[in-house]
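Encoded as C-alpha cells, the structure appears first; notes follow it.
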Amino acid sequence: MPSLNKWTADELERARRIMVERQIAARDVKNPRVLEAMLRVPRHLFVPLDLIGEAYDDTPLPIGFDQTISQPYIVASMTEYLLQPNVGGVLEIGTGSGYQTAVLAELFDQVDTVEIIPELSHQAEKVLRQIGYTNITCHVGDGLRLPESPEQFKSIIVTAAPPELPMRLVDRLAPDGRLIIPVGRAVQHLQLISKNRSGAITTETLYPVRFVSLQHRRP
Ligand code: SAH
C-alpha cells in the first residue's frame, strides 16, 4: 500500500518548485502572487494516495467519480486571468479535489465553492480544513441552480464545461466582475467574460482546453 511516507517533505517541496518553474513560470503565467500561491499549496494532499508520485506532473489526474483534478498550469492560468486588485470574494463551481479552491483561498478574501457530488465535496472540505484554511465555504449542489439571491460576485470560476455560456452565471457577475469558464462540447475553449461598471459584457476566447462536462440536475 503506497503511503505519503515514501516521499520526504523535502522531495515533495522540490517537486512542487520544479512544477512551478517548468510548467507554469516557463510558460506564460508571470503574476508573482499566483506563482507564490502555487508554491504554497501542497497538491499531493489533493490526489488519491496511490497517485502521490504523480502529484506534481504536468497533467490532470483522476480523483474518482469520473472526475479529475485539473492540470497545474491550467489552475495557475485561470487564477491569473481571474485576479484583479481588491478582489474580495470568489465563487467557484466544481470543487472537485479542492486544489483550485486552495489556490484561490491563498489570493481571495473568501471562497464559496459548489460541488455537485457530495462525496467529493466532503473529501475536499476535510483536506482544506486539515491544511488550515478558514476562508472557504464548501457547498453541495448544482452550481447552475444556486438559491435565488441578489448576491453578485466580482469573480466567478467554473471548472467543468457547459456546452454554452450559462447566462444565469453572467447575471451573478457584479459590475467590474470577471467570469472564467471552459465552454464547448467535444471542442472546448476557455472564455473570459468581463462586465464593466455599467453592466456591458465582453467575451474573450483564450485557448482550447479539455474539462469534464458540467452536469445538470433537473429542477
Ligand atoms: N478544480 C477541480 C476540478 C474538478 S473537475 C480540481 O482541480 O480538482 C470538475 C468538478 O465539477 C467535478 O468534481 C464535478 O463533479 C463538478 N461539477 C460538475 N457539474 C457541476 C455542477 N453543475 N455544479 C457543481 N459542480 C459540478
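Just follow the structure's listing: the first ligand is 1, and inside any ligand the first atom is 1.
- Not a single donor-acceptor pair under 3.5 Å links the side chain of Q191 to the backbone N or O of E204.
- Nearest non-hydrogen protein atom to atom 1 (N) of ligand 1 is T159 OG1, 3.4 Å.
- Polar contact check, S70 against ligand 1: a nitrogen or oxygen pair lies under 3.5 Å apart.
- In the candidate list I69, T113, T68, I157, T68 is nearest to atom 4 (C) of ligand 1, counting heavy atoms.
- No more than 12 heavy atoms of other residues, nucleotides or ligands shown are found within 6.0 angstrom of CZ on R210.
- Nearest-heavy-atom check against atom 13 (O) of ligand 1 across M78, E115, E119 picks out E115.
- Every atom of ligand 1 is numbered from 1 in the order shown, and the set under 4.0 Å from a heavy atom of V114 is 24 (C), 25 (N).
- Checking only distances, Q100 never comes within under 3.5 Å of ligand 1, N or O to N or O.
- At most 12 heavy atoms of other shown residues, nucleotides or ligands fall within 6.0 angstrom of atom CG in D66.
- When the options L165, I201, T203 are evaluated for a side-chain contact (heavy atoms from CB on, under 4.5 Å) with L179, the one that passes is L165.
- Within a 6.0 Å sphere centred on CZ of R40, heavy atoms belonging to other residues, nucleotides or ligands number more than 12.
- A cation-pi arrangement is present between R27 and Y73 under the rule of less than 6.0 angstrom and at most 45 degrees off the ring axis.
- With a 4.0 Å cut-off on non-hydrogen atoms, Q215 touches ligand 1 through its backbone as well as its side chain.
- At least one heavy atom of G141 sits less than 4.0 Å from an atom of ligand 1.
- Every atom of ligand 1 with a heavy atom of V212 under 4.0 Å away is listed here by number and element: 5 (S), 9 (C).
- Across all non-hydrogen atoms, the minimal contact from N31 to E80 is N-OE2, 2.8 Å.
- Closest protein heavy atom to atom 8 (O) of ligand 1: S97 OG, 2.6 Å.
- Figure legend: R43 and Y99 shown as a cation-pi pair, the cationic atom lying under 6.0 angstrom from the six-membered ring centre and within 45 degrees of its axis.
- Interface atoms of ligand 1 facing I117, defined by a heavy-atom separation under 4.0 Å, are 15 (O).
- Selection from L120, D142, I116, T95 by nearest heavy atom to atom 25 (N) of ligand 1 gives I116.
- Of all heavy-atom pairs spanning K154 and L173, the tightest one is O-CD1, 4.3 Å.
- Remark: minimum distance from atom 11 (O) of ligand 1 to any protein heavy atom is reached at G94 CA, 3.2 Å.
- The backbone N or O of D176 lies less than 3.5 Å from a partner atom in the side chain of Q84, making a donor-acceptor pair.
- In terms of protein heavy-atom proximity, atom 12 (C) of ligand 1 is closest to Q67 OE1, 3.2 Å.
- Within the listing of ligand 1, atoms 21 (C), 22 (N), 23 (N), 24 (C) sit less than 4.0 angstrom from a heavy atom of G143.
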